[in-house]
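For ligands, and for the atoms within them, numbers begin at 1 and follow the listed sequence.
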Amino acid sequence: MQQRDRSILISFDVEEFDLPLEFGEQMEMQLQMEIGKKGLDAVEQLLAETNITTTLFTTANFAETFPGSIKMLAAKHEIGSHTYYHSSFETEHLKSSREKLEAISGKHVVGLRMPRMKQVLKTDMLAAGYVFDSSLNPTWLPGRYNHFNKPRNVFSEEGIIEVPVSVTPNFRIPLFWLSFKNFPISLYRRLALQTLKADGYLNLYFHPWEFTDVNRFNIPAYTKRHCGEKLVDRLHTLIEILKPEGDFISFSEFLSKKNPASNKTGTQN
Ligand SMILES: [Zn+2]
């Protein structure tokens with residue numbers, strides 16, 4: 001496949017920073033939001049400097065708190081749903097978050113990523129108005145999930161297009177946020193290029209809060225390694241390395257490129 005036909009999907013899960021709650025630390029919502037916003041500001045600057053298009057899977061809760069930021073980002077980036085709240089979920093939040101994000105961004109919202117990659121019924125996603133989902137990490141994460149038997153590449157199921165996040169072709173080594181911060185950058189770069197060449201696209205995801213200093217919080221070392229400016233630099237370097245290898249586009253642009261006949265995605269309200 002020619003370099004110019006390859007697609008690079010970078011996405012950020014834009015959310016209240018609630019990871020410390022998982023590890024028994026109390027944290028007010030206001031502080032969770034503050035950390036999330038600090039990270040988003042750092043990401044916004046990085047996106048402006050690198051001039052790439054991405055997809056921001058945003059909780060409606062976060063967008064309600066910072067509607068101006070989300071509306072501004074929606075001018076260049078795709079907004080997807082990361083449900084309503086990061087820490088609690090009801091099926092009805094699929095629809096209500098999508099509608100809230102459409103109202104705030106002024107754009108159609110057709111993509112979903114579930115917090116913590118929780119698996120929900122495709123029929124529920126379809127009923128809530130989604131076209132695609134990217135909540136599948138097709139690998140085995142001990143203690144979290146085992147999706148080793150699921151397809152590694154884009155597939156359709158019950159009316160929803162699933163865009164799994166990238167894992168390497170042979171051993172299904174995940175290329176998600178934890179690998180990005182914990183692997184040596186040279187190794188991560190090699191695995192990302194290998195996967196991009198094999199699949200014709202890359203689907204990599206991060207969280208804005210990783211790009212701010214979260215060292216003071218009681219979360220495992222592997223979740224905060226290189227956090228803050230060091231991680232901004234690391235992602236900046238990766239983006240520049242990948243630029244000659246493919247086009248940075250949103251999920252909806254990627255899906256209409258794959259299937260030009262479908263006009264369901266990416267249109268303006
Ligand atoms: Zn999340």
Side-chain angles (χ1 to χ4, degrees), residues 9-23 25 27-44 47 54-66 69-70 73 77-91 93-94 96-98 100-101 104-105 109 111-120 125 128 130 132-139 141 143-145 147 162-166 174-182 203-212 214 217-220 222-225 227 231 235 250-251:
L9 312 177
I10 301 275
S11 59
F12 296 91
D13 293 355
V14 180
E15 60 200 35
E16 50 275 31
F17 174 62
D18 67 352
L19 192 58
L21 303 184
E22 266 188 62
F23 298 94
E25 192 174 341
M27 203 173 163
E28 295 294 324
M29 181 58 79
Q30 196 190 333
L31 181 57
Q32 295 178 35
M33 286 292 179
E34 239 170 67
I35 301 293
K37 179 63 163 65
K38 247 192 195 166
L40 186 61
D41 290 344
V43 164
E44 215 176 308
L47 295 180
T54 66
T55 301
L56 307 165
F57 294 98
T58 307
T59 65
N61 188 26
F62 187 92
E64 280 179 318
T65 311
F66 305 107
S69 290
I70 299 306
L73 283 159
H77 304 276
E78 178 170 4
I79 303 298
S81 172
H82 200 38
T83 73
Y84 220 101
Y85 305 101
H86 207 259
S87 296
S88 66
F89 176 71
E90 310 275 346
T91 302
H93 292 166
L94 292 174
S96 57
S97 65
R98 199 181 65 73
K100 179 56 77 180
L101 289 163
I104 290 171
S105 67
V109 172
L112 174 70
R113 173 165 300 133
M114 290 297 296
R116 301 185 175 87
M117 299 302 206
K118 181 182 164 70
Q119 297 297 293
V120 298
M125 295 180 196
Y130 292 97
F132 74 87
D133 174 58
S134 184
S135 309
L136 176 65
N137 194 357
T139 191
L141 286 191
R144 283 288 211 187
Y145 42 72
H147 298 313
E162 182 62 49
V163 189
V165 298
S166 286
L175 295 174
F176 66 160
W177 62 290
L178 286 171
S179 311
F180 179 66
K181 63 174 63 197
N182 288 295
N203 180 3
L204 310 178
Y205 78 100
F206 311 94
H207 312 85
W209 56 259
E210 298 175 64
F211 299 90
T212 188
V214 289
F217 296 103
N218 180 29
I219 54 176
Y222 61 83
T223 63
K224 54 186 176 188
R225 196 148 181 229
C227 67
L231 204 69
L235 185 54
S250 71
F251 276 70

Item to check | Residues that R116 engages under side chain to side chain contact (heavy atoms under 4.5 Å, CB included), provided they are two or more places apart | outcome: D18, E22, H86, R144
Checklist outcome for this item: For D41, the side chain to side chain donor-acceptor pair (under 3.5 Å) test, sequence neighbours excluded, returns K37
Item to check | Parallel, tilted or perpendicular: rings of W177 and W209 (30°, 60°) | outcome: perpendicular
Item to check | Criterion side-chain contact (heavy atoms from CB on, under 4.5 Å) against P20, the qualifying member of L31, I35, V214, I219 | outcome: I219
Checklist entry - Which protein N, O or S atoms sit under 2.8 Å from the Zn ion (ligand 1)? => result E15 OE1, H82 NE2, H86 NE2
Item to check | Those residues that, when tested against K38, pass side chain to side chain contact (heavy atoms under 4.5 Å, CB included) (two or more places apart) | outcome: T212
Next on the checklist: Just verifying a value: how many Å separate Y205 OH and L56 CG, rounded to the nearest 0.5 Å?
Outcome noted: 15.5 Å
